[in-house]
Engineer: 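One structure, as structure tokens, below. Some questions next.
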2 protein chains.
Amino acid sequence: MPTIKTNRNSTKKEVIINKASKLFREKGFSATSMRDLAENVGVEAASLYNHIQSKAEILQEICFRVANQFMTYLEEMENSKTSSITKLESILRFHIQQMIHNYESVHVADREWKHLTDPYLSNYKTQRKVYRQRLAGIIEQGIQKKEIKKIDAPTAVLIMLHAVSGIESWHRSKQKISAELLEENMVMILVDGLRAS
Amino acid sequence: MPTIKTNRNSTKKEVIINKASKLFREKGFSATSMRDLAENVGVEAASLYNHIQSKAEILQEICFRVANQFMTYLEEMENSKTSSITKLESILRFHIQQMIHNYESVHVADREWKHLTDPYLSNYKTQRKVYRQRLAGIIEQGIQKKEIKKIDAPTAVLIMLHAVSGIESWHRSKQKISAELLEENMVMILVDGLRAS
DNA sequence: CTGCAAAACTAACACTTATTAGTGGGAAAC
DNA sequence: GTTTCCCACTAATAAGTGTTAGTTTTGCAG
């Protein structure tokens, strides 16, 4: 009788969530069945329910873990004593790195959160809104201090965040440039696009 | 007995595809059932099949119509006698305008194409790849002519295209700035980020 | 008014969906 | 050696999936 392999000293629930992240990214939440997931984990579908409560719960865990990571880093930056443009660059780099190294779950949190159900859905939506507002706040500070050119801050946030999510294409491309080079190029374009000149 | 309303002098198939675009964007392709779609059209699910061949066909129509529009405009720009940076700006503006006024279908083509099935899937993938390569080509010309700063062209393409898809957030936001202002802000940030200074 | 094609309907098909109940095996605790 | 508990199993459920067959209604052309 096969057992869920727990190579890295992670719980079996962790293994399920990791496999789910991969599948949700590849096929989307709705198009991924519990039987798909079970097969990838190496077990019957019903057995998954010894470790998780529902398909919905898996998505919740993925989304809120990611959200917490980003919120934590944002707060860290808000409290740091650097220029606005440097804060922004740090946050951008954090997003890029997360998207590179934590690809599956970050991408799922970004694209599949719509399939959350209330009350988690509305909770997630407000978290998302608050995050963007605070990010826009940093930009507005930078504009006041004339570090950043006069632009609509929410639009800048929108560009930043969505540009980063484009790293999915990088992951899929055959001849990719190195992760470091990718990061530098993205920072160069986006930060220079914002900087007051 | 209700009939599919065909207000604008469009065919009934058109009405179905438009409603489908709306639903596919809101809930995703997989999470939208033919019964959902039928209800929104105001008809029984089976009746849809008098106008379309399959659910898959709807997605195909949406994706390839959008793809053709963008490919056509790209070719127009490639043949125009302007600087590379101007070409790029025009294409960017076209993307923005399409995303603003043709929101539903453009967004679906961008996000839901994965659910196409072969041979349409591989066809779409190559079209997508070619489009990006040719866009990168324009950027590389701009770099050679020193109009554009030395960056990795594919990365710039990735940023441009994904930044534009962020307009979905703009559509959903409560207090939106005007479409014109949105366009100008996006062009300011992205084009300035690319321009050699 | 009649006839005909377009397009709506109902009913049903064959699967797939997430999830639950109940069973049994295997390993660790005593 | 026995008990206990974790966990994977089989079997089943009720609801939902895209789609087809066959029938009835609609609205327009003659």
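Lettering of chains follows the sequences in order, A, B, ..., and the numbering in each one begins at 1.
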Engineer: For a quick check, tell me whether the side chain of B/Asn50 and the base of C/dA6 share a donor-acceptor pair closer than 3.5 Å.
Structural biologist: no

Engineer: Map A/Ala46 and A/Ala31 onto DNA chain C by nearest heavy atom, then report which one ends up closer to the 5' terminus.
Structural biologist: A/Ala31

Engineer: Could you work out, with ring-ring contact (aromatic ring centres under 6.0 Å, His included) as the rule, every residue matching A/Phe29, not counting sequence neighbours?
Structural biologist: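 In terms of ring-ring contact (aromatic ring centres under 6.0 Å, His included), with neighbours along the sequence ignored, A/Phe29 is linked to A/Phe24, A/His115.
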
Engineer: Using atom NE2 of A/His115 as one end and atom C1' of C/dA18 as the other, report the distance to the nearest whole Å.
Structural biologist: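 Computing the A/His115:NE2 to C/dA18:C1' distance gives 15 Å.
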
Engineer: For the residue pair A/Met34 and A/Ile52, establish whether any side-chain heavy-atom pair is separated by less than 4.5 Å.
Structural biologist: yes

Engineer: Of the nucleotides D/dA8, C/dA8, D/dT19, which has the atom closest to the B/Tyr49 side chain?
Structural biologist: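 Among D/dA8, C/dA8, D/dT19, the one nearest the side chain of B/Tyr49 is D/dT19.
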
Engineer: Could you state the CG-C1' distance from B/Leu23 to D/dT17, rounded to the nearest angstrom?
Structural biologist: 16 Å

Engineer: Does A/His51 place a side-chain N or O at less than 4.0 Å from the phosphate oxygens OP1/OP2 of D/dC6?
Structural biologist: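 Checking D/dC6 against A/His51, no side-chain N or O comes under 4.0 Å of OP1 or OP2.
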
Engineer: Relative to the 5' end of DNA chain D, which residue comes earlier, A/Glu44 or B/Ser54, by the nucleotide with the nearest heavy atom?
Structural biologist: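 Per heavy-atom nearest nucleotide, the more 5' residue is A/Glu44.
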
Engineer: Expressed as a whole number of angstroms, how long is the span from B/Ile52:CD1 to C/dA8:P?
Structural biologist: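 Distance, rounded to whole Å: 12 Å.
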
Engineer: From the list D/dT19, D/dC7, C/dT10, which nucleotide is the closest neighbour of the side chain of B/Lys55?
Structural biologist: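 Between D/dT19, D/dC7, C/dT10, the one nearest the side chain of B/Lys55 would be D/dT19.
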
Engineer: In this structure, how many angstroms lie between the C1' atom of D/dC7 and the CD1 atom of A/Ile16, rounded?
Structural biologist: 11 Å

Engineer: With heavy-atom distances below 4.5 Å as the criterion, would you say the side chains of A/Ile62 and A/Ile58 are in contact?
Structural biologist: yes

Engineer: Rounding to an integer number of Å, can you tell me how far A/Leu48 CG sits from D/dT10 P?
Structural biologist: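 Rounding to the nearest Å, CG of A/Leu48 and P of D/dT10 are 13 Å apart.
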
Engineer: Base, sugar-phosphate, or nothing: which does A/Thr32 touch, judged by heavy atoms less than 4.0 Å apart?
Structural biologist: sugar-phosphate

Engineer: Once salt bridge (Lys or Arg N to Asp or Glu O under 4.0 Å) is applied, what residue pairs with a partner in residues 45-73 of chain A remain, sequence neighbours excluded?
Structural biologist: A/Lys13-A/Glu57, A/Lys13-A/Glu61, A/Glu14-A/Arg65, A/Glu61-A/Arg65

Engineer: I'd like to check the side chain to side chain donor-acceptor pair (under 3.5 Å) partners of A/Thr117; sequence neighbours left out, ordered by chain and number.
Structural biologist: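 Partners of A/Thr117 by the side chain to side chain donor-acceptor pair (under 3.5 Å) criterion come out as none, since no residue qualifies.
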
Engineer: When the distance from NZ of A/Lys13 to P of D/dC7 is rounded to whole Å, what number comes out?
Structural biologist: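 The distance from NZ of A/Lys13 to P of D/dC7 comes to 13 Å, rounded to the nearest Å.
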
Engineer: Think A/Ser33 has a side-chain N or O under 4.0 angstrom from the OP1 or OP2 of C/dT16?
Structural biologist: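 Answer no for this pair, as no side-chain N or O of A/Ser33 is under 4.0 Å from OP1 or OP2.
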
Engineer: Could you state the CG-C1' distance from A/Asp36 to C/dC15, rounded to the nearest angstrom?
Structural biologist: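 Atom-to-atom, A/Asp36 to C/dC15, this comes out as 14 Å.
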
Engineer: Measuring from the side chain of B/Val43 (C-beta onward, heavy atoms only), which nucleotide among C/dT19, D/dC9, C/dC9 has the closest atom?
Structural biologist: C/dC9

Engineer: Distances for protein N/O vs nucleotides 12-14 of chain D N/O pairs under 3.5 angstrom?
Structural biologist:
none

Engineer: Return each pair, listed once, that meets ring pair (Phe, Tyr, Trp, His ring centres under 6.0 Å) where at least one residue sits in residues 162-189 of chain B; pairs must be two or more places apart or across chains.
Structural biologist: B/Tyr103-B/His171

Engineer: Please determine whether a side-chain nitrogen or oxygen atom of A/Ser47 lies at a distance below 4.0 Å from atom OP1 or OP2 of D/dC7.
Structural biologist: no

Engineer: Side-chain contact, heavy-atom cut-off 4.5 Å: A/Leu182 with B/Asp152?
Structural biologist: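 Side-chain contact under 4.5 Å: no.
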
Engineer: List for me each residue that meets ring-ring contact (aromatic ring centres under 6.0 Å, His included) alongside A/His95, sequence neighbours excluded, and say none if there are none.
Structural biologist: A/Phe70, A/Tyr131

Engineer: OP1, OP2 of D/dA8 versus side-chain N and O of A/Lys12: anything below 4.0 Å?
Structural biologist: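 Looking at the OP1 and OP2 atoms of D/dA8, one of them is under 4.0 Å from a side-chain N or O of A/Lys12.
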
Engineer: Output the rounded distance in Å from CG (A/Leu37) to P (C/dT17).
Structural biologist: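 Value for this atom pair: 12 Å.
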
